[in-house]
Amino acid sequence: MSDVRVRFSPAPTGFLHVGSARTALFNWLYARHTGGTFLLRIEDTDVTRSTPEAVEQIQHVLRWLRLDWDGDLVLQSHRFDLYLAAADRLLDEGLAYECYCTEEEVRARNDEALRTGATPGYDGRCRDLTAAERAARAAEGRPRSVRFRTPDEGESSFDDLVRGTVSVAWSTIPDFVIVRSNGTPVFFLANAVDDADMGITHVLRGEDLLDSTHRVLALRQALGHADRPVYAHLPLILGPGGAKLSKRHGATSVEEFRDAGYLPDALVNYLALLGWGPADGREVLTRDELVAEFDVARVTPSAATFDAQKLEWMNGEHIRRLGVADLAGEVLPFAKQRYGGRIEIRRFEAAVALAQERATTLAQIAQQCEFLFLPDDEVVIDDDARSTIAGLDGVGALIDAAIAHLETCEWDVEHIDLRPVVTGLGLKPRTHMKVLYAAIEGRTAGLPLFESIHLLGREAALTRLRRARDALAP
RNA sequence: GCCCCGUUGGUGUAGACGGCCUAACACGCCACCCUCUCAAGGUGGAGAUCACGGGUUCGAAUCCCGUACGGGGUGCCA
């Protein structure tokens with residue numbers, strides 16, 4: 001047990017992006033590696049964007065990824081009093097001030113500054129209002145927000161575990177709002193208060209928050225906390241081409257990967273490799289191995305491109321490492337979705353075992369096994385198969401010979417072997433076996449044929465061959 | 001515009017002390033082998049003047065400066 005305390009603190013405003021998942025993962029890995037504590041805090045200070053569905057969603061996804069958090073979920077929306085009290089203290093001490101500018105006014109002046117080439121940001125109009133001036137504005141019915149007074153000179157700096165010392169001149173950071181005019185606290189305030197209150201020792205988060213760290217740290221200090229957590233800003237995950245990873249690149253939310261048939265361990269493994277890697281260069285790692293190897297000091301500072309192909313490969317690796325029974329259990333929901341009622345579990349597991357060595361996703365396994373659970377008259381030979389078969393000779397004779405063979409052979413895989421039948425007709429298995437695949441499985445490629453026929457049973461196999469005979473070589 | 005961060009092959013990483021880097025591993029790609037299909041697996045190959053330009057040094061992917069490019073921020077979003 002160590003005193004490391006980290007937290008994952010997403011805003012519940014939509015689906016959990018893989019980038020957020022990676023942040024959650026690194027925090028979890030760090031906590032588990034050090035024997036520390038991993039907390040989950042929902043940053044729902046923006047009441048207009050946060051939804052309870054998203055809060056649920058986040059927890060579901062984290063559970064599915066098996067990133068278990070310690071203690072109760074912390075909802076910032078339940079802790080507004082704490083933040084508002086902190087804002088009042090800052091106000092009392094003159095470290096923050098009441099601002100009576102409306103959002104529109106601020107934006108208009110900001111746009112103007114941008115246009116004339118002046119420094120944008122809040123211009124400090126309400127910075128030094130007297131009590132009388134404030135009262136007058138309040139009497140006018142103007143909205144009141146609270147701004148934090150940032151230093152006018154000097155610089156802010158902190159040591160980042162992945163980027164070293166990061167500094168910036170205070171003159172580039174204008175006074176910022178910590179309490180909105182609707183009375184709700186803003187991220188910076190809530191974040192500073194909670195990290196202190198929850199005893200957070202290390203903050204691992206996305207690089208997009210790098211600049212905000214100066215503000216959070218200044219607030220924290222103003223609130224009377226002399227110590228600071230250690231920060232580590234994780235590189236961003238980009239889409240192909242270096243653009244932001246978005247829907248146009250395919251899946252971006254964890255749920256989408258789950259539904260596409262990815263294993264949580266594979267996704268976790270892949271995500272861990274984005275911005276980090278174990279010292280020995282191994283890539284396919286179990287959860288325990290990741291925990292054992294993880295080290296924030298080895299996190300890369302540069303952004304990583306999300307590579308869907310590598311994830312797919314990784315998923316295949318994890319599929320192959322699973323026991324057949326476990327794998328079948330994972331595939332079952334996908335199979336049920338397609339052909340739920342007809343599944344025979346013994347045959348299903350046998351089929352999964354055949355698919356295991358060639359699959360990359362669970363959905364793909366379910367699809368490859370489907371032909372075994374289809375009524376014989378619903379097996380459709382796809383167009384692709386038809387066109388390749390159309391270019392072959394001796395199709396009719398081949399199917400006839402296969403039928404003749406299967407009518408009488410002993411019913412085990414060794415005797416079901418149809419290679420002698422194909423070669424006996426002077427045909428090549430390499431090309432003509434596809435005909436038989438199509439007849440049995442509906443396509444030219446799929447689970448190994450002889451095992452498949454064995455699992456299917458003699459009658460069904462013969463029926464399918466006869467139907468194919470009519471369909472392909474009338 | 002301003003501020004911050006980044007930059008090793010198509011992609012992810014390795015490359016602590018500068019010399020063992022004529023740059024390694026993995027994904028992807030190509031070829032071959034294996035093979036009842038498709039895969040998986042095996043072997044081999046192509047692909048990087050380590051963004052560029054200056055320094056420092058006997059020696060730099062590794063240190064310093066500049067430039068370019070990319071990303072992030074600049075919000076009463078987080």
Side-chain angles (χ1 to χ4, degrees), chain A residues 9-11 13 43-46 48-50 99 101-103 106-107 110 113-122 143 145-147 160 162-163 166-169 171-174 176-182 184 186-188 190-191 205-214 233 235-236 238 240-244 270 273-284 297-298 300-314 316 320 355-360 364 368 417-419 422 429-438 441 443-452:
Chain A
S9 48
T13 53
E43 306 218 321
D44 54 350
T45 51
D46 186 346
T48 63
R49 295 193 194 194
S50 303
C99 174
C101 298
T102 67
E103 230 178 306
V106 172
R107 197 177 316 130
N110 194 252
L114 229 31
R115 208 173 12 254
T116 60
T119 312
Y122 185 66
S145 60
V146 179
R147 281 183 190 273
D160 189 282
V162 344
R163 278 150 229 284
V166 180
S167 316
V168 63
S171 59
T172 65
I173 303 179
F176 56 94
V177 169
I178 55 176
V179 179
R180 300 182 182 87
S181 52
N182 68 3
T184 61
V186 173
F187 158 74
F188 303 105
N191 197 272
R205 41 158 31 169
E207 196 197 343
D208 52 334
L209 294 171
L210 188 68
D211 292 296
S212 78
T213 302
H214 297 98
H233 285 91
L236 262 23
L238 272 24
K244 197 179 196 165
Y270 177 68
L273 261 29
L274 252 25
W276 175 80
D280 61 13
R282 279 179 302 158
E283 297 207 309
V284 183
R298 289 185 58 84
T300 331
S302 53
T305 302
F306 190 86
D307 183 352
Q309 279 185 309
K310 185 150 185 178
L311 203 213
E312 198 172 320
W313 164 79
M314 181 70 78
R320 250 150 259 132
Q356 179 170 27
E357 58 188 279
R358 68 201 73 237
T360 55
Q364 186 188 38
Q368 287 178 339
D417 192 338
L418 289 162
R419 278 172 293 187
V422 176
R430 189 151 195 85
T431 53
H432 284 73
M433 201 62 83
K434 289 184 192 323
V435 175
L436 274 11
Y437 271 88
E441 307 190 24
R443 54 180 76 94
T444 58
L447 264 29
L449 188 63
F450 314 143
E451 284 89 343
S452 294

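Treat the numbers as computed from the prediction; the structure is a model and nothing was measured.
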Name the pairs: protein N/O against N/O of nucleotides 63-69 of chain B, kept only if under 3.5 Å.
none

Task: Proximal nucleotide (of B:rA78, B:rG12, B:rA39) relative to the A:Arg358 side chain - done: B:rA39

Could you list all N or O pairs between the protein and nucleotides 1-4 of chain B that sit under 3.5 Å apart?
none

Task: Nearest-nucleotide pick for A:Thr305, side chain only, options being B:rU11, B:rA78, B:rC38 - done: B:rU11

TODO: Give A:Glu43 one of three labels, base, sugar-phosphate or nothing, depending on what nucleic acid heavy atoms sit under 4.0 Å from its own.
DONE: sugar-phosphate

TODO: Using the test side-chain contact (heavy atoms from CB on, under 4.5 Å), find all partners of A:Val422 that sit at least two apart in sequence or belong to another chain.
DONE: A:Leu398, A:Leu427, A:Pro429, A:His432, A:Met433, A:Leu436

Open item on the list: When the C1' atoms of B:rU62 and B:rC50 are compared, how many Å lie between them, rounded to an integer?
Closed with: 10 Å

TODO: Round to the nearest Å and state the distance from A:Arg147 atom CZ to B:rU74 atom P.
DONE: 13 Å

- [ ] Would you mind reading off the distance between A:Leu273 atom CG and B:rG12 atom P, rounded to a whole angstrom?
- [x] 12 Å

Open item on the list: Regarding A:Ala11, tell me which of base, sugar-phosphate or nothing describes its non-hydrogen contacts under 4.0 Å with the strands shown.
Closed with: sugar-phosphate

- [ ] Tell me what A:Ile173 touches on the nucleic acid: a base, only sugar-phosphate, or nothing, going by heavy atoms under 4.0 Å.
- [x] nothing

Task: Minimum-distance nucleotide (side-chain atoms of A:Asp46 versus B:rG75, B:rC38, B:rA78) - done: B:rA78

Task: B:rC77 phosphate, OP1 or OP2, under 4.0 Å from A:Thr48 side-chain N/O - done: no

Task: Secondary-structure string, 5' to 3', Watson-Crick or G-U under 3.5 Å, | for another-strand partners, for RNA chain B - done: ((((((((.[[[[.)...(....]]]].(((((.......))))).....[[[[[..)....]]]]])))))))....

Open item on the list: Rounded to whole Å, please give me the gap between CZ in A:Phe187 and P in B:rG73.
Closed with: 12 Å

TODO: Would you kindly give the NE2-to-C1' distance between A:His233 and B:rA78, to the nearest whole Å?
DONE: 12 Å

TODO: Remember a base hit wins even if backbone is also touched, and classify A:Ser302 as base, sugar-phosphate or nothing at under 4.0 Å, heavy atoms.
DONE: sugar-phosphate

TODO: At under 4.0 Å between heavy atoms, which parts of nucleotides 26-35 of chain B does protein reach? Answer with one letter per nucleotide, 5' to 3': B base, S sugar-phosphate only, - none.
DONE: BBS------B

TODO: Look at all strands and tell whether A:Phe188 reaches a base, only sugar-phosphate, or nothing, counting heavy atoms closer than 4.0 Å.
DONE: base

- [ ] Can you see which heavy atom on A:Val186 is nearest to which on A:Val179, and at what distance?
- [x] CG2-N, 4.3 Å

Task: Among B:rG12, B:rA40, B:rA78, the nucleotide that comes nearest once only the side chain of A:Arg320 is considered - done: B:rA40

Task: Exam field: side chain A:Arg49 to backbone A:Asp44, donor-acceptor pair closer than 3.5 Å - done: no

Task: Protein-nucleotide distance (A:Asp208, atom CG; B:rG75, atom P), rounded to Å - done: 16 Å

Filtered N/O pairs between nucleotides 14-17 of chain B and protein, under 3.5 Å:
from	atom 1	to	atom 2	distance (Å)
B:rG15	OP1	A:Arg298	NH1	3.4

Open item on the list: For A:Phe450 versus A:Asp417, what's the shortest heavy-atom pair and its separation?
Closed with: CE1-OD1, 3.3 Å

Open item on the list: Any N or O donor-acceptor pair under 3.5 Å from the base of B:rC5 to the side chain of A:Arg163?
Closed with: no

Open item on the list: Any side-chain to backbone donor/acceptor pair from A:Glu43 onto A:Phe187? Under 3.5 Å, distance only.
Closed with: no

